[in-house]
Amino acid sequence: MFSDAFVGLACTDCGATLAVEDADLETIAGAGPCPDCGAPRTPEYDLDAVDPDAVSAGLRAWDRDAVLPFDADAALSAAEGGTPSVDAPRVADELGLAGVAIKDEARNPTGSVLDRGLSAAVTAADAADADLVACASPGNAGQSMAAYTGQVDLRSYAFVPTRSPFSNKAMVNVHGGEMKVVPGRLGDAVDALAEQLQSDYVDLGAFATPFRHDGLKTVAYELLADRCWDVPDAVVVPAGTGELVVGVVDGLRECVELGLVDELPPVYAVQAEGCAPIAAAWQAGKTETEPWETPDTIVGELEVADPPGGAPALAAVAETGGEVLTVEDADALESAVAVASTETVEVGLAGGVAAAGLWALAEDGPLGAADEAVVVNTEAATKAPDVLRSHLMGQGV
Ligand SMILES: [Zn+2]
(Lines give C-alpha, C1' and ligand atoms only; values in the text may rest on other atoms or scores of the structure.)
Protein backbone atom coordinates (compact mmCIF):
# COMPACT_ATOMS: atom_id res chain seq x y z
CA MET A 1 0.00 0.00 0.00
CA PHE A 2 2.61 2.58 1.07
CA SER A 3 5.38 3.64 -1.27
CA ASP A 4 8.95 2.76 -0.33
CA ALA A 5 9.97 6.37 0.25
CA PHE A 6 6.99 7.29 2.49
CA VAL A 7 8.31 7.14 6.05
CA GLY A 8 5.40 8.64 8.00
CA LEU A 9 3.73 11.87 9.08
CA ALA A 10 5.25 14.91 10.75
CA CYS A 11 3.55 17.81 12.51
CA THR A 12 4.14 21.09 10.66
CA ASP A 13 4.40 22.97 13.97
CA CYS A 14 5.74 20.92 16.89
CA GLY A 15 7.54 18.39 14.70
CA ALA A 16 6.06 15.29 16.35
CA THR A 17 6.30 12.32 14.02
CA LEU A 18 4.30 9.17 13.39
CA ALA A 19 6.45 6.63 11.58
CA VAL A 20 5.04 4.02 9.21
CA GLU A 21 7.12 1.37 10.95
CA ASP A 22 5.59 2.22 14.35
CA ALA A 23 1.91 2.31 13.39
CA ASP A 24 -0.65 0.18 11.60
CA LEU A 25 -2.13 1.05 8.22
CA GLU A 26 -5.41 2.39 9.64
CA THR A 27 -3.64 4.75 12.05
CA ILE A 28 -1.50 6.29 9.35
CA ALA A 29 -4.12 6.39 6.61
CA GLY A 30 -6.82 7.75 8.93
CA ALA A 31 -4.59 10.38 10.54
CA GLY A 32 -5.79 13.93 10.99
CA PRO A 33 -4.05 16.93 12.56
CA CYS A 34 -1.34 16.55 15.23
CA PRO A 35 -2.81 15.04 18.41
CA ASP A 36 -0.31 16.99 20.51
CA CYS A 37 -0.78 20.53 19.22
CA GLY A 38 -3.57 20.43 16.62
CA ALA A 39 -1.42 21.70 13.75
CA PRO A 40 -1.61 20.09 10.28
CA ARG A 41 0.51 17.05 9.60
CA THR A 42 2.36 16.35 6.39
CA PRO A 43 3.79 13.19 4.80
CA GLU A 44 7.55 12.75 4.98
CA TYR A 45 9.70 10.93 2.45
CA ASP A 46 13.15 9.42 2.32
CA LEU A 47 14.16 10.86 -1.03
CA ASP A 48 17.38 8.80 -0.98
CA ALA A 49 15.08 5.84 -1.66
CA VAL A 50 13.73 7.50 -4.82
CA ASP A 51 15.40 7.00 -8.19
CA PRO A 52 15.21 10.43 -9.88
CA ASP A 53 14.73 8.69 -13.22
CA ALA A 54 11.53 7.15 -11.87
CA VAL A 55 9.97 10.57 -11.37
CA SER A 56 11.57 12.51 -14.22
CA ALA A 57 9.14 10.89 -16.65
CA GLY A 58 5.47 10.13 -16.29
CA LEU A 59 2.18 11.19 -17.75
CA ARG A 60 -0.45 11.07 -15.02
CA ALA A 61 -0.13 12.13 -11.38
CA TRP A 62 0.11 8.58 -10.02
CA ASP A 63 2.90 7.75 -12.48
CA ARG A 64 5.03 9.55 -9.88
CA ASP A 65 3.88 7.36 -7.00
CA ALA A 66 7.52 7.01 -5.89
CA VAL A 67 7.06 10.44 -4.26
CA LEU A 68 3.46 9.90 -3.11
CA PRO A 69 2.33 7.98 -0.01
CA PHE A 70 0.63 5.13 -1.84
CA ASP A 71 1.48 2.83 -4.70
CA ALA A 72 -0.37 3.71 -7.89
CA ASP A 73 -2.17 0.37 -8.01
CA ALA A 74 -3.66 1.06 -4.56
CA ALA A 75 -4.91 4.53 -5.49
CA LEU A 76 -8.47 5.57 -6.24
CA SER A 77 -7.74 7.33 -9.47
CA ALA A 78 -9.38 8.63 -12.62
CA ALA A 79 -6.22 9.58 -14.52
CA GLU A 80 -5.76 12.93 -12.80
CA GLY A 81 -2.82 15.10 -13.76
CA GLY A 82 -0.93 14.93 -17.00
CA THR A 83 -2.41 18.33 -17.78
CA PRO A 84 -0.74 20.36 -20.52
CA SER A 85 1.35 23.48 -20.14
CA VAL A 86 -0.22 25.49 -22.93
CA ASP A 87 2.01 28.04 -24.61
CA ALA A 88 0.46 31.52 -24.50
CA PRO A 89 2.55 33.62 -26.92
CA ARG A 90 -0.05 36.36 -27.39
CA VAL A 91 -0.25 36.95 -23.64
CA ALA A 92 3.56 36.95 -23.45
CA ASP A 93 3.73 39.53 -26.25
CA GLU A 94 1.15 41.76 -24.63
CA LEU A 95 2.98 41.65 -21.31
CA GLY A 96 6.45 41.97 -22.80
CA LEU A 97 7.63 38.66 -21.34
CA ALA A 98 9.87 36.07 -22.97
CA GLY A 99 7.30 33.33 -22.46
CA VAL A 100 4.08 32.39 -20.70
CA ALA A 101 2.65 28.92 -20.24
CA ILE A 102 -0.70 28.07 -18.68
CA LYS A 103 -0.66 24.83 -16.69
CA ASP A 104 -4.28 23.93 -17.38
CA GLU A 105 -5.62 22.07 -14.37
CA ALA A 106 -9.15 22.45 -15.69
CA ARG A 107 -8.43 19.21 -17.59
CA ASN A 108 -8.68 17.05 -14.49
CA PRO A 109 -11.56 14.59 -13.95
CA THR A 110 -13.83 17.09 -12.16
CA GLY A 111 -12.30 20.17 -13.74
CA SER A 112 -10.16 21.18 -10.79
CA VAL A 113 -6.58 20.86 -9.56
CA LEU A 114 -8.02 19.53 -6.30
CA ASP A 115 -8.59 16.13 -7.90
CA ARG A 116 -4.91 15.41 -7.35
CA GLY A 117 -5.32 15.93 -3.62
CA LEU A 118 -8.71 14.32 -3.17
CA SER A 119 -7.61 11.24 -5.08
CA ALA A 120 -4.91 10.73 -2.45
CA ALA A 121 -7.08 11.78 0.51
CA VAL A 122 -10.02 9.53 -0.39
CA THR A 123 -7.58 6.66 -1.04
CA ALA A 124 -6.26 7.16 2.50
CA ALA A 125 -9.70 7.34 4.09
CA ASP A 126 -10.80 4.17 2.32
CA ALA A 127 -7.62 2.39 3.42
CA ALA A 128 -8.43 3.46 6.98
CA ASP A 129 -11.78 1.69 6.64
CA ALA A 130 -13.76 4.90 7.05
CA ASP A 131 -17.54 4.77 6.52
CA LEU A 132 -18.02 8.48 5.92
CA VAL A 133 -15.84 11.34 4.72
CA ALA A 134 -16.84 14.99 4.83
CA CYS A 135 -15.55 18.46 4.20
CA ALA A 136 -16.70 22.04 4.12
CA SER A 137 -15.80 23.53 0.77
CA PRO A 138 -16.44 26.50 -1.51
CA GLY A 139 -17.45 23.88 -4.06
CA ASN A 140 -14.67 22.17 -5.98
CA ALA A 141 -13.36 20.02 -3.12
CA GLY A 142 -16.84 18.79 -2.28
CA GLN A 143 -17.40 17.81 -5.89
CA SER A 144 -14.02 16.08 -6.17
CA MET A 145 -14.49 14.22 -2.87
CA ALA A 146 -17.86 12.90 -4.00
CA ALA A 147 -16.36 11.83 -7.32
CA TYR A 148 -13.67 9.63 -5.75
CA THR A 149 -15.83 8.09 -3.04
CA GLY A 150 -18.07 6.81 -5.81
CA GLN A 151 -15.40 4.23 -6.69
CA VAL A 152 -15.76 2.45 -3.34
CA ASP A 153 -18.23 1.77 -0.56
CA LEU A 154 -17.69 5.12 1.12
CA ARG A 155 -20.26 7.85 1.85
CA SER A 156 -19.32 11.49 1.37
CA TYR A 157 -20.95 14.57 2.80
CA ALA A 158 -20.12 18.00 1.38
CA PHE A 159 -21.05 21.14 3.29
CA VAL A 160 -21.12 24.04 0.85
CA PRO A 161 -22.27 27.66 1.20
CA THR A 162 -25.29 28.88 -0.73
CA ARG A 163 -23.04 30.89 -3.04
CA SER A 164 -21.30 27.75 -4.27
CA PRO A 165 -21.75 27.45 -8.05
CA PHE A 166 -24.72 25.44 -9.29
CA SER A 167 -22.37 23.17 -11.25
CA ASN A 168 -20.57 22.12 -8.06
CA LYS A 169 -23.82 21.41 -6.21
CA ALA A 170 -25.28 19.47 -9.10
CA MET A 171 -22.19 17.34 -9.63
CA VAL A 172 -21.81 16.43 -5.95
CA ASN A 173 -25.15 14.67 -6.26
CA VAL A 174 -24.45 13.28 -9.72
CA HIS A 175 -21.39 11.57 -8.27
CA GLY A 176 -23.57 10.07 -5.54
CA GLY A 177 -22.48 12.36 -2.71
CA GLU A 178 -24.63 13.81 0.03
CA MET A 179 -24.69 17.56 0.47
CA LYS A 180 -25.82 20.26 2.84
CA VAL A 181 -26.19 23.75 1.42
CA VAL A 182 -25.50 26.13 4.27
CA PRO A 183 -26.86 29.70 4.23
CA GLY A 184 -24.02 32.20 4.26
CA ARG A 185 -20.38 31.84 3.38
CA LEU A 186 -17.67 29.24 3.71
CA GLY A 187 -17.16 29.93 7.42
CA ASP A 188 -20.81 29.09 8.02
CA ALA A 189 -20.35 25.78 6.19
CA VAL A 190 -17.27 25.00 8.30
CA ASP A 191 -19.26 25.68 11.49
CA ALA A 192 -22.24 23.68 10.27
CA LEU A 193 -20.08 20.63 9.52
CA ALA A 194 -18.57 20.73 13.01
CA GLU A 195 -21.95 21.18 14.70
CA GLN A 196 -24.40 19.19 12.61
CA LEU A 197 -22.76 16.04 11.29
CA GLN A 198 -23.30 13.58 14.10
CA SER A 199 -21.89 10.40 12.56
CA ASP A 200 -18.20 9.56 12.83
CA TYR A 201 -16.41 10.91 9.79
CA VAL A 202 -12.96 11.52 8.41
CA ASP A 203 -12.52 15.23 7.67
CA LEU A 204 -11.06 15.72 4.20
CA GLY A 205 -10.85 19.50 4.46
CA ALA A 206 -7.62 21.17 3.39
CA PHE A 207 -4.93 20.35 5.98
CA ALA A 208 -7.44 18.41 8.09
CA THR A 209 -5.98 15.42 6.26
CA PRO A 210 -2.21 15.21 5.62
CA PHE A 211 -2.77 13.77 2.16
CA ARG A 212 -4.67 16.48 0.31
CA HIS A 213 -2.00 19.20 -0.03
CA ASP A 214 0.60 16.48 -0.55
CA GLY A 215 -1.26 15.20 -3.61
CA LEU A 216 -0.93 18.64 -5.17
CA LYS A 217 2.86 18.23 -5.34
CA THR A 218 2.59 16.56 -8.72
CA VAL A 219 1.64 19.92 -10.28
CA ALA A 220 5.21 21.04 -9.56
CA TYR A 221 6.83 17.93 -11.04
CA GLU A 222 4.73 18.25 -14.17
CA LEU A 223 5.23 21.95 -14.79
CA LEU A 224 9.00 21.45 -14.58
CA ALA A 225 8.90 18.29 -16.71
CA ASP A 226 6.81 20.17 -19.30
CA ARG A 227 9.78 22.56 -19.59
CA CYS A 228 12.33 19.71 -19.77
CA TRP A 229 13.46 20.68 -16.24
CA ASP A 230 14.33 24.26 -17.18
CA VAL A 231 13.42 26.39 -14.13
CA PRO A 232 10.98 29.20 -15.00
CA ASP A 233 11.39 32.75 -13.68
CA ALA A 234 7.99 32.69 -12.00
CA VAL A 235 5.29 30.24 -11.00
CA VAL A 236 1.99 32.01 -10.38
CA VAL A 237 -0.78 30.30 -8.43
CA PRO A 238 -4.04 31.47 -6.87
CA ALA A 239 -4.36 31.14 -3.09
CA GLY A 240 -7.43 30.42 -0.98
CA THR A 241 -6.85 27.71 1.63
CA GLY A 242 -3.10 27.84 0.92
CA GLU A 243 -2.96 24.15 -0.01
CA LEU A 244 -1.90 24.65 -3.63
CA VAL A 245 0.89 27.03 -2.64
CA VAL A 246 2.19 24.54 -0.08
CA GLY A 247 1.79 21.54 -2.36
CA VAL A 248 3.54 23.21 -5.29
CA VAL A 249 6.46 24.41 -3.16
CA ASP A 250 6.79 20.99 -1.52
CA GLY A 251 7.00 19.46 -4.99
CA LEU A 252 9.47 22.04 -6.27
CA ARG A 253 11.68 21.51 -3.20
CA GLU A 254 11.65 17.74 -3.78
CA CYS A 255 12.70 18.31 -7.39
CA VAL A 256 15.71 20.29 -6.13
CA GLU A 257 16.56 17.62 -3.53
CA LEU A 258 16.31 14.89 -6.17
CA GLY A 259 18.68 16.83 -8.43
CA LEU A 260 16.10 17.26 -11.18
CA VAL A 261 16.59 21.06 -11.07
CA ASP A 262 19.21 23.27 -9.43
CA GLU A 263 17.03 25.87 -7.74
CA LEU A 264 13.52 26.83 -6.72
CA PRO A 265 11.65 29.22 -9.01
CA PRO A 266 10.01 32.16 -7.23
CA VAL A 267 6.39 31.25 -6.45
CA TYR A 268 3.87 34.08 -6.52
CA ALA A 269 0.62 33.46 -4.64
CA VAL A 270 -2.29 35.63 -5.70
CA GLN A 271 -5.40 36.37 -3.66
CA ALA A 272 -8.58 38.23 -4.47
CA GLU A 273 -8.47 41.67 -2.89
CA GLY A 274 -11.82 41.16 -1.17
CA CYS A 275 -10.56 38.19 0.85
CA ALA A 276 -6.79 38.26 1.25
CA PRO A 277 -5.73 37.12 4.72
CA ILE A 278 -2.51 35.53 3.44
CA ALA A 279 -1.53 38.65 1.49
CA ALA A 280 -2.33 40.86 4.48
CA ALA A 281 -0.08 38.78 6.71
CA TRP A 282 2.64 38.84 4.06
CA GLN A 283 2.51 42.61 3.73
CA ALA A 284 2.62 42.99 7.53
CA GLY A 285 5.65 40.68 7.77
CA LYS A 286 3.74 38.14 9.87
CA THR A 287 4.10 34.36 9.80
CA GLU A 288 0.46 33.62 10.74
CA THR A 289 -2.78 34.76 9.15
CA GLU A 290 -5.67 36.43 10.92
CA PRO A 291 -9.25 35.76 9.87
CA TRP A 292 -10.56 38.20 7.24
CA GLU A 293 -13.55 39.95 8.76
CA THR A 294 -15.71 40.77 5.77
CA PRO A 295 -14.90 38.37 2.93
CA ASP A 296 -16.30 39.69 -0.33
CA THR A 297 -15.03 38.47 -3.67
CA ILE A 298 -16.80 37.21 -6.74
CA VAL A 299 -14.26 34.37 -6.80
CA GLY A 300 -16.04 32.06 -4.36
CA GLU A 301 -13.46 29.28 -4.62
CA LEU A 302 -10.87 31.64 -3.10
CA GLU A 303 -13.15 33.24 -0.52
CA VAL A 304 -11.46 31.51 2.42
CA ALA A 305 -11.53 33.97 5.32
CA ASP A 306 -9.59 31.80 7.75
CA PRO A 307 -7.20 29.74 5.62
CA PRO A 308 -6.11 26.48 7.28
CA GLY A 309 -2.85 26.64 5.33
CA GLY A 310 -2.09 30.31 5.94
CA ALA A 311 1.08 29.87 7.98
CA PRO A 312 2.64 27.12 5.84
CA ALA A 313 1.74 29.03 2.66
CA LEU A 314 3.51 32.15 3.94
CA ALA A 315 6.59 30.09 4.79
CA ALA A 316 6.48 28.35 1.41
CA VAL A 317 6.36 31.56 -0.61
CA ALA A 318 9.17 33.09 1.46
CA GLU A 319 11.33 30.00 0.89
CA THR A 320 11.12 30.51 -2.88
CA GLY A 321 11.83 34.24 -2.89
CA GLY A 322 8.41 34.97 -4.35
CA GLU A 323 5.67 37.11 -2.90
CA VAL A 324 1.96 37.20 -2.08
CA LEU A 325 -0.09 39.79 -3.94
CA THR A 326 -3.71 40.75 -4.46
CA VAL A 327 -5.78 41.60 -7.51
CA GLU A 328 -9.20 43.17 -7.95
CA ASP A 329 -12.14 41.00 -8.99
CA ALA A 330 -12.59 43.00 -12.19
CA ASP A 331 -8.98 42.36 -13.18
CA ALA A 332 -9.33 38.63 -12.49
CA LEU A 333 -12.35 38.45 -14.79
CA GLU A 334 -10.67 40.63 -17.40
CA SER A 335 -7.58 38.41 -17.40
CA ALA A 336 -9.63 35.22 -17.67
CA VAL A 337 -11.53 36.70 -20.61
CA ALA A 338 -8.30 37.89 -22.22
CA VAL A 339 -6.74 34.42 -22.05
CA ALA A 340 -9.86 32.68 -23.33
CA SER A 341 -10.30 35.13 -26.20
CA THR A 342 -6.69 35.04 -27.39
CA GLU A 343 -5.20 31.70 -26.30
CA THR A 344 -8.24 29.37 -26.44
CA VAL A 345 -7.70 28.17 -22.85
CA GLU A 346 -10.86 28.47 -20.74
CA VAL A 347 -9.56 29.91 -17.49
CA GLY A 348 -11.85 29.71 -14.47
CA LEU A 349 -12.40 32.44 -11.90
CA ALA A 350 -9.62 31.29 -9.56
CA GLY A 351 -7.28 30.85 -12.51
CA GLY A 352 -8.23 34.38 -13.55
CA VAL A 353 -6.89 35.61 -10.22
CA ALA A 354 -3.54 34.00 -10.99
CA ALA A 355 -3.59 35.41 -14.52
CA ALA A 356 -4.32 38.89 -13.19
CA GLY A 357 -1.40 38.39 -10.83
CA LEU A 358 0.81 37.73 -13.86
CA TRP A 359 -0.45 40.95 -15.45
CA ALA A 360 0.49 42.84 -12.27
CA LEU A 361 3.91 41.17 -11.98
CA ALA A 362 4.70 42.08 -15.58
CA GLU A 363 3.34 45.62 -15.53
CA ASP A 364 4.58 46.67 -12.08
CA GLY A 365 7.61 44.35 -11.77
CA PRO A 366 9.50 42.21 -11.00
CA LEU A 367 8.97 40.32 -14.29
CA GLY A 368 10.53 41.67 -17.48
CA ALA A 369 11.52 40.95 -21.06
CA ALA A 370 13.85 38.07 -20.26
CA ASP A 371 11.42 36.22 -18.01
CA GLU A 372 9.35 33.10 -18.58
CA ALA A 373 6.34 32.46 -16.35
CA VAL A 374 4.04 29.53 -15.65
CA VAL A 375 0.50 30.35 -14.54
CA VAL A 376 -1.64 27.64 -12.98
CA ASN A 377 -5.29 27.66 -14.04
CA THR A 378 -6.87 25.74 -11.17
CA GLU A 379 -10.42 25.26 -12.40
CA ALA A 380 -12.60 25.07 -15.47
CA ALA A 381 -14.29 28.20 -16.75
CA THR A 382 -17.45 26.15 -17.24
CA LYS A 383 -17.92 25.91 -13.48
CA ALA A 384 -19.11 29.53 -13.49
CA PRO A 385 -19.39 30.77 -17.08
CA ASP A 386 -22.22 33.12 -16.07
CA VAL A 387 -19.85 35.13 -13.89
CA LEU A 388 -17.31 35.42 -16.68
CA ARG A 389 -20.03 36.34 -19.15
CA SER A 390 -21.40 38.98 -16.79
CA HIS A 391 -18.06 40.77 -16.93
CA LEU A 392 -18.73 41.53 -20.57
CA MET A 393 -22.02 43.22 -19.69
CA GLY A 394 -20.12 46.16 -18.24
CA GLN A 395 -18.48 46.59 -21.63
CA GLY A 396 -21.82 46.53 -23.42
CA VAL A 397 -21.31 43.07 -24.90
ZN1 LIG B 1 2.15 19.12 16.68
Side-chain angles (χ1 to χ4, degrees), residues 1-3 5-47 67-70 114 117-118 120-125 127-130 133-137 141 187 190-191 193-194 197 200-217 239-254 257 269 277-278 281-282 285-291 304-320 324:
M1 174 85 196
F2 294 132
S3 64
F6 175 56
V7 294
L9 302 173
C11 174
T12 55
D13 189 13
C14 77
T17 56
L18 178 64
V20 166
E21 62 187 18
D22 296 335
D24 59 25
L25 171 64
E26 281 190 29
T27 304
I28 298 275
C34 176
D36 297 335
C37 75
R41 290 198 280 194
T42 197
E44 291 214 307
Y45 300 88
D46 173 15
L47 293 180
V67 289
L68 292 170
F70 315 115
L114 298 183
L118 270 304
V122 176
T123 295
D129 233 2
V133 293
C135 73
S137 150
V190 171
D191 292 344
L193 170 59
L197 191 56
D200 284 341
Y201 65 92
V202 173
D203 190 339
L204 296 189
F207 295 100
T209 160
F211 301 106
R212 190 168 137 177
H213 66 278
D214 188 68
L216 293 168
K217 283 189 316 195
T241 63
E243 66 187 306
L244 180 62
V245 181
V246 173
V248 164
V249 174
D250 282 350
L252 293 170
R253 186 191 312 108
E254 287 180 5
E257 291 174 1
I278 302 173
W282 178 267
K286 294 179 177 166
T287 56
E288 306 262 350
T289 51
E290 289 175 14
V304 184
D306 190 8
L314 287 163
V317 171
E319 180 185 348
T320 69
V324 188

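When reading the values below, keep in mind they use all heavy atoms of this one structure, side chains included, and skip hydrogens, waters and symmetry mates. In listed order, ligands and their atoms are each counted from 1. Positions are given from 1 along the sequence.
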Under the criterion side-chain contact (heavy atoms from CB on, under 4.5 Å), I'd like the reasoning laid out for Val133 against Val202: C-alpha separation, chi angles, the key distance, then a yes or no.
CA-CA 5 Å; Val133 293; Val202 173; 4.1 Å; yes
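- In this structure, Thr320 and Val249 have side chains that are in contact, with non-hydrogen atoms separated by less than 4.5 Å.
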Walk me through it: do Thr241 and His213 pass the test side-chain contact (heavy atoms from CB on, under 4.5 Å)?
CA-CA 10 Å; Thr241 63; His213 66 278; over 6 Å; no
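- Side chain of Ser3 to backbone of Leu68: a donor-acceptor contact under 3.5 angstrom is found.
- Protein atoms that are N, O or S and lie under 2.8 Å from the Zn ion (ligand 1) are these: Cys11 SG, Cys14 SG, Cys34 SG, Cys37 SG.
- Taking Tyr45 as the reference, Phe6 meet the ring-ring contact (aromatic ring centres under 6.0 Å, His included) condition, with sequence neighbours excluded.
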Worked check of side-chain contact (heavy atoms from CB on, under 4.5 Å) between Phe211 and Leu204:
CA-CA 9 Å; Phe211 301 106; Leu204 296 189; over 6 Å; no
